[in-house]
Amino acid sequence: MASLSPPEEAAAAAAASFHHRRSKRYSSSTTNGLAAESVPDKRHKISLPPSFISSSEIESEFSHHDPPFARINNGSFGSCPSSVIAAQRDWQLRFLRQPDRFFFDELKPNISASRAAIKRLINAEHDDEVSLVDNATTAAAIVLQQTAWAFREGRFDRGDAVVMLHYAFGSVKKSVEAYVSRSGGEVIEVQLPFPVNSAEEIVNRFRTGLALGKANGRKVRLALIDHVTSMPSVVIPIKELVKICRDEGVDQVFVDAAHGIGCVDVDMKEIGADFYTSNLHKWFFAPPSVAFLYCKRSGAGGNLHHPVVSHEYGNGLAVESTWVGTRDYSAQLVVPSILEFVNRFEGGIDGIKKRNHESVIEMGEMLVKSWGTQLGCPPEMCASMVMVGLPVSLGVSSESDAVRLRNLLRERFCIEIPTYFRPPGEGETDSITGYVRISYQVYNKPEEYHRLKDAINELVRDGFKCSSLTD
Amino acid sequence: MAADDRRNGDLTNHNHRDPKKPRLSEFLTESDIRSEFAHHHTGVARVNNGSFGCCPSSVLDAQREWQLRFLRQPDEFYFNGLRRGLLASRTVISSLINADDVDEVSLVDNATTAAAIVLQRVGRCFSEGRYQKEDTVVMFHCAFQSVKKSIQAYVTRVGGSTVEVRLPFPVSSNDEIVSAFREGLKKGRANGRTVRLAIIDHITSMPCVLMPVRELVNVCREEGVEEVFVDAAHAIGSVKVDVKEIGADYYVSNLHKWFFCPPSIAFFYCRKRSSEPDVHHPVVSHEFGNGLAIESAWIGTRDYSSQLVVPSVMNFVSRFEGGIDGIMERNHDEAVRMGLMLCGAWGTNLGSPPEMCVAMVMIGLPSKLCVESDEDAAKLRSYLRVHRSVEVPVYFLGLRDGEEGVKDKDSGVITAYVRISRQVYNETEDYERLRDAITELVKDQMTCQNLPPV
């Protein structure tokens, strides 16, 4: 191929080697399973615009998605482009080919490479601070197990508090029950408003919750805060809340950012938490499943351990997590391949985040206009997901109504979207009790949201009521 | 050979085919088998199935279909496909191992995870005052390192004590093991303590021996041990597994070692009891409290595909004469045959008699190699991998004071063993390559001290 001036050369070389890698099968002549970058011919200099990924290439990367579906729920299970899946297959094959050699020579250094890449992405201080685990659920168990030990071993007093958001993810609440309540800690849930109008509302409620935690001379040992709540979905003003925790003498702050990386800005030094976890398979194009758990070295977080204890026990969480028995670690090894993928987009991951946000707001406002409802929060409190109110006439009056409506949308209209029941407040009449949570990721298209708009409008026109649904 | 004694101490019950009947065409041919394992590195004599197992391409293809199903429409898969698929795998396993109820069978990643589950439970009993400080956990000294660390993390940390029973090795009979174990239990009970948990390997890893697990569990019951956990990482696909007969409270086995599953999947059997079992998956999800089997079926978003292919594995093994029983028998017979070939060539010994082996055999290395430490053993292993393309684990046998050890044909003490495995993809040449590598080292007067660097 013709030679190019340096910046274009890099982009074109990346694109060329990407295409080469996609069609190549693993062979032992490569290092790290990746072909050497193709070297452009330096004899002719031609300027070409940077070759960003095209729409049809994006379609092709996600062609394994079920075609009839309007897949507007990236938030639940994420997505993974075929080039990253192919990279993952390469890693899986390397293990299967000669597992002992892979275990002794290749696994650890390549997990380290993934961790180093993440450390740079999230602005952590040291690689040691970054551990790779399966998902935020696992990270929560790790942090909460540490809290349980502190209660059991008397470093925390019985009745000391752990403060969390009422909208914390269901699994995390159960984890708090299993580890904190069981070992003698007291759990305080902070009720947040929804719909919400400003970050200030959340800050104020949180202050109140924290004060409750400290009542009667109790110590608040851990604050467990979502960066982006799941249901209902709102971006929490995390920097402010962490600061309040510091001001109020909370021992440790653990941020559950399952929806963090690839969705919101994830800067560990800026946010300042002791522990921070985010799934990479939700918004960062990793295959299921991989998450990072960041543990500030200088922080109050002492002795964290992976609950599945291996021979690496005692070598620090990051090293313990590199070996939890024989398993498929391939999802943890593809981070460099993911970076190649996102850098084919204009602005890289930041560009993707920005465009996802703009698109989801645009789609949300389109829906609100058509249905005569409202968004669950202002645009600046959304990232790439937004809660959109459903027409009151649908009569969503319980969680099971919401679930059945979701099933109906899937089965009759081939639309995948999570639904949320918001119980009416005291004295509220005719309030919006049903919301959908729309997501926007690079593979989405406006038609999908129009299909949702039309489906709901059709139900409204037909006089549909949730009470007519059975399981 | 006392073939009948080797499985749970029972008679084997595989089908005997009339040798005059022609083989049915549906069975895999040798070339079919080579094709199923074509992804293995062809240059390597892979005689270490025991460490990481293997997976045939037809099962890998089935796994890929499951993975694609999730990627295609994950919500639909989560709500409508996943649990049903997991239940199908659990049902197959439950019937294979003769469990009473499929609820007793949970799927976890590996034996390491199951050990954490059991030991966390024991730890809670200590923390919450149900067990007294210094009450004991008894295990064999060769228990897998991860298990030992898990005991440290969960039991020792909260005041429990441990007793390690030294496994006699080389070993000649089950009685030696049973006696040593009884002594260990006595120690565990000394000074009014209670033995709260006995951890027994069904097949030890290093050194590798098939243990008389049913007898050992009986001894535990006789001696008032509260609970018995059988770590049978290597068992399923290696030896017949009947959990009711074995009678343990907890039993775990990896399916990715000898049962052709991709990494990774293990079944964890917890015998049903009248009281609340209080075993939980450490990764707590919204399923917490619904029983371990249900808790383990959802521990957050992950790739569960390796847990979904068990029915496909059954299809695969049914394409072998005698199914999994036939595979186990032939693997054992061939492993022993190769073991005898090697110890004959090297003038050494087997670590245990054939009836105390499964598809893995320990063979003494010539004393002239001078393996004098674990580091030497690791060095030799790396040398064999890099310079001879032989993948085989090497075990250093540290002799204690006063122990004489077994001598080889050169009248030197045998201080190290290799553990060979035999699985359906292995060929005689693999073991001949190992034989020749060692023989040549000895001929060239190489020792662990002067091996070339890797």
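The sequence lines fix the lettering, A, B, ..., with proteins before strands; numbering per chain opens at 1.
- For the options A291(A), A331(A), P288(A), A141(A), heavy-atom pairs under 4.5 Å to chain B are most numerous at P288(A).
- Around CZ of F169(A), the count of heavy atoms belonging to other residues, nucleotides or ligands within 6.0 Å does not exceed 12.
- Taking the side chain as every heavy atom from C-beta outward, N48(B) and D100(A) approach each other to under 4.5 Å.
- At a 4.5 Å heavy-atom cutoff, I142(A) makes no contact with chain B through either its backbone or its side chain.
- No part of F37(B) comes within reach of chain A, as not one of its non-hydrogen atoms sits under 4.5 angstrom from that chain.
- For D328(A), the parts sitting under 4.5 Å from any heavy atom of chain B are the backbone and the side chain alike.
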Review point. Can R152(A) and E128(B) be said to form a side-chain contact (heavy atoms from CB on, under 4.5 Å), step by step?
Key: CA-CA 9 Å; R152(A) 286 195 197 285; E128(B) 294 170 0; 3.5 Å; yes
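- In this structure, P263(B) and L96(A) have side chains that are in contact, with non-hydrogen atoms separated by less than 4.5 Å.
- Within the 4.5 angstrom heavy-atom criterion, no atom of E312(A) approaches chain B.
- Put simply, the side chain of Q67(B) reaches to within 4.5 Å of the side chain of R89(A), judged on heavy atoms.
- Ring-plane geometry between F95(A) and F52(B) is classed as perpendicular, the angle between the planes exceeding 60 degrees on a 0 to 90 degree scale with a lower cut at 30.
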Practice item. Give the intermediate values and the outcome of side-chain hydrogen bond (donor to acceptor under 3.5 Å, both in side chains) for residues Q92(A) and Q63(B). Key: CA-CA 12 Å; Q92(A) 288 167 337; Q63(B) 182 188 25; 5.7 Å; no
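- To the nearest 0.5 Å, atom CG of residue D303(B) and atom CD of residue Q88(A) are 7.0 Å apart.
- Side-chain contact between S146(B) and V308(A) is absent, with no heavy atoms from C-beta onward closer than 4.5 Å.
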Exercise for review: Could you go through the side-chain contact (heavy atoms from CB on, under 4.5 Å) check for L119(B) and V309(A) one step at a time?
Suggested key: CA-CA 10 Å; L119(B) 293 165; V309(A) 175; over 6 Å; no
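- In this structure, chain B has a heavy atom under 4.5 Å from the side chain of H281(A), while its backbone stays farther away.
- The shortest side-chain heavy-atom distance between P67(A) and R72(B) falls under the 4.5 Å cut-off.
- Considering only heavy atoms from C-beta on, Q120(B) comes within 4.5 Å of Q145(A) through its side chain.
- At least one side-chain heavy atom of P99(A) sits less than 4.5 Å from a side-chain heavy atom of R46(B).
- Between D75(B) and the options R410(A), R71(A), R406(A), a salt bridge (Lys or Arg N to Asp or Glu O under 4.0 Å) holds for only R406(A).
- From Q73(B), atom CD reaches atom CZ of F77(A) across 9.0 Å, with rounding to the nearest 0.5 Å.
- A 4.5 Å side-chain heavy-atom check between P307(A) and Y154(B) finds at least one atom pair inside the cut-off.
- Looking at H305(A), the atoms closer than 4.5 Å to chain B (heavy atoms on both sides) all sit in the side chain, from C-beta outward.
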